[in-house]
Amino acid sequence: MKTLMNTVKKIAAGCLVLVLVVTAFVYLYHHDQLSKEAALLEHKGKYVEFGGQKLNIYSEGSGPETFVFMPGSGIAAPIYEMKGLYSKFSKESTIAVAERGGYGYSDVLNDHRDIDTIVAQTREALLQSGHQPPYILVPHSLSGLEAIYWAQIYPEEIKAIIALDIGLPHEYANHQWSTADSLMIKSMSLLTKIGFHRLAPSKVYDPEVIHQSFLTESEKNQFKALSFKQMFNDNMAQELLQSTENAQKSMALPPPKQTSVLLLSAYTEENKHSKYTKAQNKSYQAFARQLEHAEVRKLKGKHSIYLYASDEIYELTVDFLTDIKTD
């Protein structure tokens, strides 16, 4: 028995040493690659400082309307990933891509990602980069929570919201993260700090961005480099963990009745009749009924709908805003 226990201890010790060696190798490789990839990056946008740390706002185009593009959770390189959509708007309007803390060229900020802080930072960054309200917000996924809360707190600053397959406040408010969920999110963030995401590059960025033609080869390389650098960092993890409390703050306020909202719901052939898709459309319709001017439209494509239906999004937006003006 004693011999067996000694053997088990030796095997366990050997496994531990192996894990430590692999972890050290991955960490060193990851940071060596980050150093090489840094040479590929060409900062685009304007930095705004918050306590010694920087947020980035990218702008292009000119025109009377300012569209603010707000990336969904985990979209590590928004300037590149959303270009296929915002470049259509910048031909006749001003666009700004607001990179939250931990996204794109912005620093990972030392805060807890509460919604008041996020909204305050985005507002200040836009103002300091030369953009004055009112804005037309174009949020995707989780950033819909920020857009709706912004319209609730500062309705005079928001002309309209073009919501790209967003989650609604009640959906996040009713979701409680379990201890296991929290540990998994924190563990994933730790693993990306070490560099284990390098072992599964197909999970780091959306290959659809590479397959399409709206980026140059240089931009595709920068897109990949930023994605490896920012993949599921502390800010991304914390905004998920904070999403329930953030949504509850929104739910405690009246809906933004006077803000015009176009809700674009993504579907694929595989899920168009699923329970989730039906529930989402029902939620969108219920939310729209609380507002004075809102529409719900379905668009064929995956959750990152801006990659699959950019022409349709642009056309629907133009029609929707025209309706606002004529009302």
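Every value quoted in this text rests on a predicted model; they were computed, and no experiment measured them.
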Single-linkage hydrophobic cluster, 4.5 Å side-chain cutoff, [X] and [Y] together:
X: L34; Y: L190; answer: no
X: Y47; Y: I118; answer: no
X: W177; Y: M184; answer: yes
X: M236; Y: I194; answer: no
X: L263; Y: Y267; answer: no

Going from [atom1] on [X] to [atom2] on [Y], what distance comes out if it is rounded to the nearest 0.5 angstrom?
X: D181; Y: H175; atom1: CG; atom2: NE2; result: 5.5 Å
X: T66; Y: I95; atom1: OG1; atom2: CD1; result: 10.0 Å
X: K54; Y: K46; atom1: NZ; atom2: NZ; result: 14.5 Å
X: Q280; Y: I166; atom1: CD; atom2: CD1; result: 9.0 Å
X: M251; Y: L168; atom1: CE; atom2: CG; result: 9.5 Å
X: F223; Y: L40; atom1: CZ; atom2: CG; result: 14.0 Å

Flag for [Y]-[X]: side-chain donor and acceptor within less than 3.5 Å:
X: T117; Y: D111; value: no
X: Q248; Y: T244; value: no
X: Y103; Y: N233; value: no
X: T277; Y: S274; value: yes
X: S243; Y: N246; value: no
X: Y154; Y: E156; value: no
X: Q212; Y: E208; value: yes
X: S106; Y: N56; value: no
X: T268; Y: N271; value: yes
X: Q242; Y: Y172; value: no
X: E81; Y: Y205; value: no

Could you check whether [X] pairs with [Y] (Lys NZ or Arg NE/NH1/NH2 to Asp/Glu carboxylate O, under 4.0 Å)?
X: R123; Y: E157; result: yes
X: D234; Y: K193; result: yes
X: R297; Y: E295; result: yes
X: E312; Y: K300; result: no
X: E60; Y: K83; result: no

Hey, is the main chain of [Y] close enough, under 3.5 Å, to the side chain of [X] for a donor-acceptor pair?
X: S129; Y: L126; value: yes
X: K257; Y: L291; value: no
X: S143; Y: P139; value: no
X: S189; Y: K186; value: no
X: S310; Y: L307; value: no

Less than 4.5 Å apart, side chain to side chain, heavy atoms only: is that true for [X] and [Y]?
X: I79; Y: E219; result: no
X: P133; Y: I158; result: no
X: L164; Y: I313; result: yes
X: Q222; Y: E42; result: yes
X: V48; Y: L127; result: no
X: L240; Y: S73; result: yes
X: F232; Y: I185; result: yes
X: V26; Y: R198; result: no

Intermediate values then yes/no, side-chain contact (heavy atoms from CB on, under 4.5 Å), Q230 and N235: CA-CA 10 Å; Q230 298 285 45; N235 283 169; over 6 Å; no

Taking the six-membered ring where the residue is Trp, are the ring centres of [X] and [Y] under 6.0 Å apart?
X: F89; Y: F69; answer: yes
X: F287; Y: H170; answer: no
X: H131; Y: Y135; answer: no
X: F67; Y: Y86; answer: no

Would you find more than 12 non-hydrogen atoms of other residues, nucleotides or ligands less than 6.0 Å from [X] atom [atom1]?
X: K249; atom1: NZ; result: yes
X: K298; atom1: NZ; result: no
X: H112; atom1: NE2; result: no
X: Q258; atom1: CD; result: no

Note: T94 and S62 closest approach over all heavy atoms is OG1-CA, 3.3 Å

- Query: What pair of heavy atoms forms the shortest contact from T122 to A98, and how long is it?
  - Reply: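 So the two residues come closest at CG2-CB, 4.0 Å.
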
Between [X] and [Y], what is the ring plane arrangement, given parallel below 30°, perpendicular above 60°, and tilted in between?
X: F25; Y: Y29; value: parallel
X: H303; Y: H140; value: tilted
X: Y105; Y: H43; value: perpendicular

- Step by step, work out the side chain to side chain donor-acceptor pair (under 3.5 Å) result for Q152 and S250. CA-CA 8 Å; Q152 289 173 303; S250 179; 2.7 Å; yes

Notebook entry, point to check: Does K88 make a cation-pi contact with Y314, if we ask for NZ or CZ under 6.0 Å from the ring centre and within 45° of the axis?
Noted result: no

Could you walk me through whether F320 and H293 pass the side-chain contact (heavy atoms from CB on, under 4.5 Å) test, one step at a time?
CA-CA 10 Å; F320 182 71; H293 190 177; 3.8 Å; yes

Pair Y149, D116 - check side-chain contact (heavy atoms from CB on, under 4.5 Å), show working. CA-CA 9 Å; Y149 189 70; D116 290 291; 2.8 Å; yes

Worksheet item: Are E124 and Q128 close enough, and set up right, to give a side chain to side chain donor-acceptor pair (under 3.5 Å), and what steps lead you there?
Response: CA-CA 6 Å; E124 184 62 25; Q128 289 195 35; 2.7 Å; yes

* To do: Output, in order, the C-alpha distance, side-chain angles, deciding distance and verdict of side-chain contact (heavy atoms from CB on, under 4.5 Å) for E99 and L55.
  => CA-CA 7 Å; E99 294 189 319; L55 287 186; over 6 Å; no

